[in-house]
Amino acid sequence: MSALISHVGIAVRDLDAAIEKYRALLGCEPVSVHDVPDQQVRAAFFDRANSRLDSGGRVELLQATSPDSPIARFIAKRGEGLHHICIYVDDLPETLARLKSSGRRLIDEVPRIGADGHRIAFVHPADTHGVLFELEER
Ligand code: CO
């Protein structure tokens, strides 16, 4: 059985300071730190190397790189904290079409490329009881 959750995304003001804290909390190093120009964010992914667990359940820290970034707007409105939960889907265009035809509000109607190079799309939190969901194609 494969993992349901790819990662949780946490909005932070200062990525370097957050990495220090999460390194101690999670007991592992960030496996990648990179800019996602498309989203105007800098992202750090924590995962355990050589994990015997299926790939999943990672932690993504997100810092805005511009005042127009969705992360900057999120922090201005709600402060730092849990920003989104990312779940795996097998076929993203098919999943988006199914959600759309059942009347769900989508932030992305077509897939785009996410922080770690996979196809992703966001579902509007108004339709998921206040939680922003990211869908990631395996
Ligand atoms: Co994410």
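Atoms considered below: every heavy atom in the structure, side chains included; atoms not considered: hydrogens, waters and symmetry mates. Order of listing sets the numbers, starting from 1, for every ligand and every atom in it.
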(request) Please indicate whether Arg13 has more than 12 foreign heavy atoms, meaning atoms of other residues, nucleotides or ligands, lying under 6.0 Å from its CZ. (result) yes
(message) What I want to find out is whether Asp35 reaches Arg42 closely enough, with some N-O distance under 4.0 Å, to be called a salt bridge.
(response) yes
(message) Run the side-chain hydrogen bond (donor to acceptor under 3.5 Å, both in side chains) test on Gln40 and Thr65 for me, step by step, so that the C-alpha distance in whole Å, both residues' side-chain angles and the decisive distance to 0.1 Å come before the verdict.
(response) CA-CA 5 Å; Gln40 299 169 293; Thr65 54; over 6 Å; no
(message) Other residues, nucleotides and ligands only: do more than 12 of their heavy atoms fall within 6.0 Å of CZ on Arg104?
(response) no
(request) Can you list, by chain and residue number, the protein N, O or S atoms under 2.8 Å from the Co ion (ligand 1)? (result) His7 NE2, Glu60 OE1, His84 NE2, Glu134 OE1
(request) Report yes if the distance between the aromatic ring centroids of Phe133 and His84 is under 6.0 Å, otherwise no. (result) no
(request) Decide if atom OH of Tyr22 counts as having more than 12 heavy atoms of other residues, nucleotides or ligands within a radius under 6.0 Å. (result) no
